[in-house]
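Quick notes on the structure that follows.
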2 protein chains.
Amino acid sequence: MTTAKSANPIRVLLAEDQTMLRGALAALLDLESDITVIAQATNGSEALKLARLHNPDVIVTDIEMPEKTGLELAADLKLTDSKARVIILTTFARPGYLRRALDNGARGYLLKERPASELAEAIRRVHSGLRAVDPALAVEAWSADEDPLSDRERQILQRAGDGRSSAEIAAELRLSEGTVRNYLSEAIAKLGAANRIDAARIARTRGWL
Amino acid sequence: MTTAKSANPIRVLLAEDQTMLRGALAALLDLESDITVIAQATNGSEALKLARLHNPDVIVTDIEMPEKTGLELAADLKLTDSKARVIILTTFARPGYLRRALDNGARGYLLKERPASELAEAIRRVHSGLRAVDPALAVEAWSADEDPLSDRERQILQRAGDGRSSAEIAAELRLSEGTVRNYLSEAIAKLGAANRIDAARIARTRGWL
DNA sequence: AGCCGGACATGACAAACGTCACAACGCTTT
DNA sequence: AAAGCGTTGTGACGTTTGTCATGTCCGGCT
């Protein structure tokens with residue numbers, strides 16, 4: 001049983017590392033008469049290669065993937081002559097992610113907790129030049145705070161949240177131990193956290209890490 | 001377009017909190033002539049209620065869901081007179097999870113990184129009385145270590161990994177602060193970790209938290 | 001030229017953390 | 001009955017962490 005395609009279907013590239021979801025979505029999208037999935041990638045780098053090769057109309061991509069994230073993929077595509085429009089499809093309703101996605105030129109931002117039917121709709125909207133951003137999230141993002149962390153603070157907080165001690169972090173980054181403690185103290189204060197673990201947790205849930 | 005069902009299709013209950021995946025899988029499974037999805041749940045408690053109501057042949061469930069996890073669901077079903085067979089469908093290839101799943105009476109354990117076609121196959125196997133455990137993971141689980149943590153240790157390590165201080169944990173659990181420190185010290189030693197954060201991380205990746 | 005913010009450093013102090021030894025109690029297992 | 005384990009506690013000790021004041025250096029903005 002093959003679904004008849006219209007003369008000029010929307011050509012979609014799917015990038016998602018979870019095979020089961022990728023396969024299921026590809027199958028569902030292919031049931032739509034005006035959409036055809038021309039290629040699938042399991043990470044950002046592969047998606048970039050396939051995008052160059054096939055020149056899709058729309059790229060639907062997850063964020064958290066090995067090799068290269070969907071956000072990095074969007075950024076790289078902006079530097080290319082690709083005319084593909086990007087839709088981010090992710091689990092995470094983090095204002096920080098949405099902001100970065102839009103900054104990197106994405107046209108859509110859709111959550112995996114939405115019904116699958118919305119994906120096809122988003123693809124059509126984006127293909128026709130419109131945007132497709134989850135409305136609830138868009139509102140939240142508007143009122144959401146900026147990332148208050150400097151690069152150094154983020155870098156150090158990441159490692160601290162992974163269980164490294166101040167001394168280890170200092171050695172790795174060629175800093176004095178006191179400096180590392182200062183950065184952590186700063187980060188803890190900025191985030192209103194009780195300690196480094198709490199700070200790392202908060203930063204992660206906001207999409208700042 | 002409706003797919004013709006055989007006379008006695010396998011009646012499946014799907015429990016998965018991510019709507020997009022749940023919808024896509026339900027749609028795909030319904031395309032199989034010998035399988036019909038009779039109900040869908042977004043968390044473990046709901047699944048339990050629907051299982052009582054509809055008496056499905058097979059329950060396919062995620063692990064990490066709000067309200068009640070898939071592992072808890074499996075445990076609860078064992079206490080019921082339900083004859084439904086449980087298949088765990090999860091992102092996590094953690095031996096600890098697999099072990100708990102089998103202890104709780106699950107008949108199948110499948111990873112989301114496998115192709116969707118394997119899910120239908122697993123449903124058929126399990127329905128006919130066989131098991132369906134991801135082969136690669138089964139091997140790993142065989143050589144995997146037991147969870148060395150006691151309930152108290154696990155309970156305390158969870159909170160510590162969330163950024164709570166020893167004093168806070170002590171107050172919450174009505175223990176002396178010294179006792180909390182002792183448990184954490186024990187857990188850190190057992191896991192070969194450098195500190196509480198490291199210990200929480202290690203325990204989590206092994207599926208012990 | 002002057003100002004500001006980020007990166008980096010030091011020293012000092014209090015609080016939190018991690019370790020160890022020791023001890024008591026109750027519940028299984030042998 | 002004895003041994004073993006999990007739970008709970010105390011006291012003491014050294015280390016790590018978090019805070020603060022203070023200072024230098026550099027690059028960008030006005």
Side-chain angles (χ1 to χ4, degrees), chain A residues 96 99-100 103 145-209, chain B residues 75 96 99-100 103 144-209:
Chain A
R99 193 179 286 255
R100 267 198 276 167
D103 284 350
D145 316 304
E146 277 275 10
D147 180 350
L149 301 174
S150 73
D151 287 340
R152 258 312 191 209
E153 286 162 356
R154 197 184 351 273
Q155 199 179 20
I156 288 175
L157 192 54
Q158 266 170 8
R159 286 162 174 76
D162 248 40
R164 317 247 156 282
S165 70
S166 303
E168 285 173 320
I169 299 172
E172 193 185 340
L173 302 181
R174 314 279 168 80
L175 294 173
S176 97
E177 202 183 318
T179 305
V180 171
R181 290 218 299 275
N182 285 153
Y183 280 125
L184 283 171
S185 188
E186 262 300 296
I188 291 167
K190 281 182 179 175
L191 298 175
N195 54 48
R196 52 177 71 190
I197 322 176
D198 201 20
R201 221 196 69 251
I202 292 172
R204 265 196 264 268
T205 59
R206 306 267 182 101
W208 294 337
L209 223 55
Chain B
R99 193 179 286 256
R100 265 199 276 168
D103 284 351
D145 315 304
E146 277 276 9
D147 179 349
L149 300 174
S150 73
D151 286 341
R152 259 311 192 211
E153 286 162 357
R154 195 182 355 272
Q155 198 179 20
I156 288 175
L157 192 53
Q158 267 169 8
R159 287 162 172 76
D162 249 38
R164 317 247 157 283
S165 69
S166 302
E168 285 173 319
I169 297 172
E172 194 185 340
L173 301 181
R174 313 278 169 83
L175 293 174
S176 97
E177 203 183 320
T179 304
V180 171
R181 288 220 298 280
N182 282 340
Y183 280 125
L184 282 171
S185 187
E186 262 300 294
I188 290 167
K190 281 182 179 176
L191 298 174
N195 53 48
R196 51 176 73 192
I197 323 177
D198 202 21
R201 220 197 68 252
I202 291 172
R204 264 196 264 268
T205 59
R206 305 267 182 101
W208 295 336
L209 225 56

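Any value given below was found using the heavy atoms of this structure, including those in side chains, with hydrogens, waters and symmetry copies removed. First the proteins, then the strands, lettered A, B, ... as listed; each starts at 1. On a predicted model such as this, the values are computed, not experimentally measured, just so you know.
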Residue closer to the 5' end of DNA chain D, B/G178 versus B/P148 (nearest nucleotide): B/P148
Is it true that a side-chain atom of A/D162 and a backbone atom of A/R164 form a donor plus acceptor pair closer than 3.5 Å? no
Report yes if a side-chain nitrogen or oxygen of [X] is closer than 4.0 Å to either non-bridging phosphate oxygen (OP1 or OP2) of [N]; otherwise report no.
X	N	answer
A/R196	D/dG18	yes
B/S176	D/dT8	no
B/S166	C/dA16	no
A/R181	D/dT16	no
A/S165	D/dT16	no

Whole angstrom value for the distance that separates [atom2] of [N] from [atom1] of [X]:
X	N	atom1	atom2	answer
B/R174	D/dT7	CZ	C1'	17 Å
B/I188	C/dG18	CD1	C1'	6 Å
A/I156	C/dG6	CD1	C1'	12 Å
B/I169	C/dC17	CD1	P	8 Å
A/L184	D/dT19	CG	P	10 Å
B/L157	D/dG6	CG	P	16 Å
B/I197	C/dA16	CD1	P	16 Å
B/R152	D/dG9	CZ	C1'	13 Å

Kindly indicate whether the side chain of B/L191, heavy atoms from C-beta on, has any atom under 4.5 Å from the side chain of B/W208. yes
Does a side-chain heavy-atom distance below 4.5 Å link B/L173 with B/T179?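 Side-chain contact under 4.5 Å: no.
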Would you mind telling me which of [options] lies closest to the side-chain atoms of [X]?
X	options	answer
B/S150	C/dT10, C/dT19, D/dG6	D/dG6
A/E177	C/dA7, C/dG18, D/dT17	D/dT17
A/T179	D/dT8, C/dC8, D/dG18	C/dC8
B/Y183	D/dT7, C/dT10, C/dG18	D/dT7

Name of the residue among B/R196, B/E177, B/R181 meeting side-chain hydrogen bond (donor to acceptor under 3.5 Å, both in side chains) with B/S166: B/R196
Side-chain donor/acceptor contact of B/N182 with base of D/dT10 under 3.5 Å: yes
State the CG-CZ distance between B/N195 and B/R201, to the nearest 0.5 angstrom. 9.5 Å
